[in-house]
Amino acid sequence: MKAETMLAAGVDEFGPASALTVSRRPVPEPGPGEISIDVTYAGVGFVDTLLRSGAFPLWTPMVPGIEVTGRVRAVGRDVQGFTVGRSVAALLNDFGRGQRAGGYAQVAVAHHTMAAPVPDDVDLRRVTAALVNGVTAWVALHDVARLDARDRVLVLGVTGGLGATTARMAALFPARQVIGVVGRDPDRAPAECTDVVVADALAEGLDRLTPDGSVDVVIDPVGGPLRAAAFQRLAPFGRQVVLGNASRDDRPFSGDETWLATRTVSGLSIGGVAHLRPATCTEALTAVISLVARGILDEPLPAVEPLENAGKVHEALESRTAPAKTVLSVAD
């Protein structure tokens, strides 16, 4: 019998956005502890461009896409809590179990610990748009920074997708103050920010906005000089959580500065920790879906593109001309 195939946007060799093409590939089957999903929407993020280009030690063929929503297609052995046909959301970035991803496809496979049911009346576009950023923000604030209601939070790169979601999440916890850092235009910061400062005037802004010019938590997906400047503004017992390096300019932290000033620097990569702490990711995923379903985490509706436009979306992401969030419509 001929193997069943599906449409997927992937690469046979790592390369530029033009290497991402739609072709027919075998339909994956769920193994023990896994479920397969008929994908409705697949989220597109900057990390997908890194997967496509070969920035990680993975192998080809590679189908990017680490966040999907859809309906359960099949349930593997030793899986409970999922039934065929149920709406579901899943993360596919648990690379420690072997190569994963695969969201840019009509069928994707997820480990059951990285999936959660979605109420049938919830807009799957909104859920898809919130998955990776929402889970990252939840774990960063809840598990890494251990955010307290007395904390002043500084979010670098707050106009980006991850920064904006983290600012919204921090306001929900709630933090005492959420200060967003923007490159140029303060009007682009999320409404949940209590205050906004321009990156080039960080010190002056914090001196104006806080009693002693310091903050308790820094959320840092940016890196570069801004990373170092924000670190200098951490209060005693302050926590800086590194979520990425969008500037591609890594700045080291001084061990002497951390212990002499009683500051903490932590890192978080959901893709790096998912297979090691699956319960943490399950809890975060369930929380994010619930917040979106109840309208509490009000993420903007994403732009929607057909699967065949995946390469164009990657080009827009790399040229920094993409909307805040784009999802691929796969079911059609």
Side-chain angles (χ1 to χ4, degrees), residues 9 17 20 22 37-52 63-71 87-93 101-106 108 110 115-116 118-138 155 157-169 172 188-192 221 243-244 246 270 284-285 287-332:
L20 191 61
V22 175
I37 301 166
D38 286 319
V39 177
T40 303
Y41 296 107
V44 185
F46 191 77
V47 67
D48 291 327
T49 69
L50 302 179
L51 294 175
R52 183 215 73 229
V63 175
I66 62 175
E67 52 189 342
V68 299
T69 56
R71 293 190 178 274
S87 289
V88 68
L91 298 180
L92 312 177
N93 55 344
Y104 296 3
Q106 290 177 316
V118 177
D120 286 332
D121 60 346
V122 176
D123 189 334
L124 291 182
R125 295 171 301 172
R126 288 192 184 276
V127 175
T128 311
L131 287 179
V132 169
N133 290 339
V135 168
T136 302
W138 177 277
V155 182
V158 77
T159 57
L162 178 55
T165 298
T166 306
R168 295 185 187 100
M169 194 82 75
L172 294 176
R188 293 184 58 204
E192 290 81 0
L243 300 182
I270 289 295
L285 184 59
V288 169
I289 292 171
S290 176
L291 290 172
V292 174
R294 290 182 289 155
I296 297 173
L297 182 60
D298 189 18
E299 294 285 274
L301 270 175
V304 179
E305 293 285 347
L307 182 64
E308 59 265 28
N309 284 357
K312 293 180 180 179
V313 178
H314 276 218
E315 290 176 352
L317 281 168
E318 291 174 318
S319 65
R320 302 189 185 279
T321 59
K325 187 67 180 184
T326 300
V327 301
L328 301 176
S329 179
V330 180
D332 292 339

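What you see below is based on every heavy atom in this structure, not just the backbone, and it leaves out hydrogens, waters and symmetry mates.
From Asp123, atom CG reaches atom OG1 of Thr128 across 8.5 Å, with rounding to the nearest 0.5 Å. Note that the CZ atom of Arg71 and the CG atom of Asp120 stand 5.5 Å from one another [nearest 0.5 Å]. Rounding to the nearest 0.5 angstrom, the gap separating the NE2 atom in His314 from the CG atom in Leu50 is 9.5 Å. Atom CZ of Phe46 and atom CZ of Arg320 lie 6.0 Å apart (nearest 0.5 Å). In this structure, CG on Asn133 lies 15.5 Å from CH2 on Trp138, to the nearest 0.5 angstrom. We find the OG1-CD1 distance between Thr69 and Ile37 to be 8.5 Å, quoted to the nearest 0.5 Å.
Looking at heavy atoms from C-beta onward, Pro221 lies out of side-chain contact with Thr166 at the 4.5 angstrom threshold. Put simply, the side chain of Lys325 does not reach to within 4.5 Å of the side chain of Leu301, judged on heavy atoms. Proximity of Leu91 to Ile66: side-chain heavy atoms (C-beta onward) are nowhere separated by under 4.5 Å. Two residues are said to be in side-chain contact when any heavy atoms from C-beta on lie closer than 4.5 Å; Leu307 and Val22 meet this criterion. The closest side-chain heavy-atom distance from Val39 to Gln106 is not below 4.5 Å. In this structure, the side chains of Ile289 and Pro119 come closer than 4.5 Å at one or more pairs of heavy atoms.
Listed here is the closest heavy atom pair of Ala89 and Val127: CB-CG1, 4.0 Å. Summarising the geometry of Val327 relative to Arg125, their closest heavy-atom pair is CG1-O, 4.5 Å, with the distance given to 0.1 Å. Scanning all heavy atoms of the two residues, the minimum distance from Gly103 to Val68 falls at CA-CG1, 3.5 Å. Closest approach of Pro306 and Leu328 over heavy atoms only: O-CD2, 3.7 Å. Heavy atoms only, all atoms of each residue included: Val292 and Ala130 are closest at CG2-CB, 3.8 Å. What you find for Val122 and Ala293 is that their closest heavy atoms are CG2-CB, 3.6 Å.
Between Arg168 and Glu192 there is a salt bridge, with a side-chain nitrogen of the basic residue lying less than 4.0 Å from a carboxylate oxygen of the acidic one.
The backbone N or O of Leu162 lies less than 3.5 Å from no partner atom in the side chain of Thr165, so there is not a single donor-acceptor pair. For the pair Asp48 (side chain) and Gly45 (backbone), a donor-acceptor distance under 3.5 Å is present.
Evaluation of the ring-ring contact (aromatic ring centres under 6.0 Å, His included) test over residues 288-308, restricted to residues two or more places apart or in two chains, returns none.
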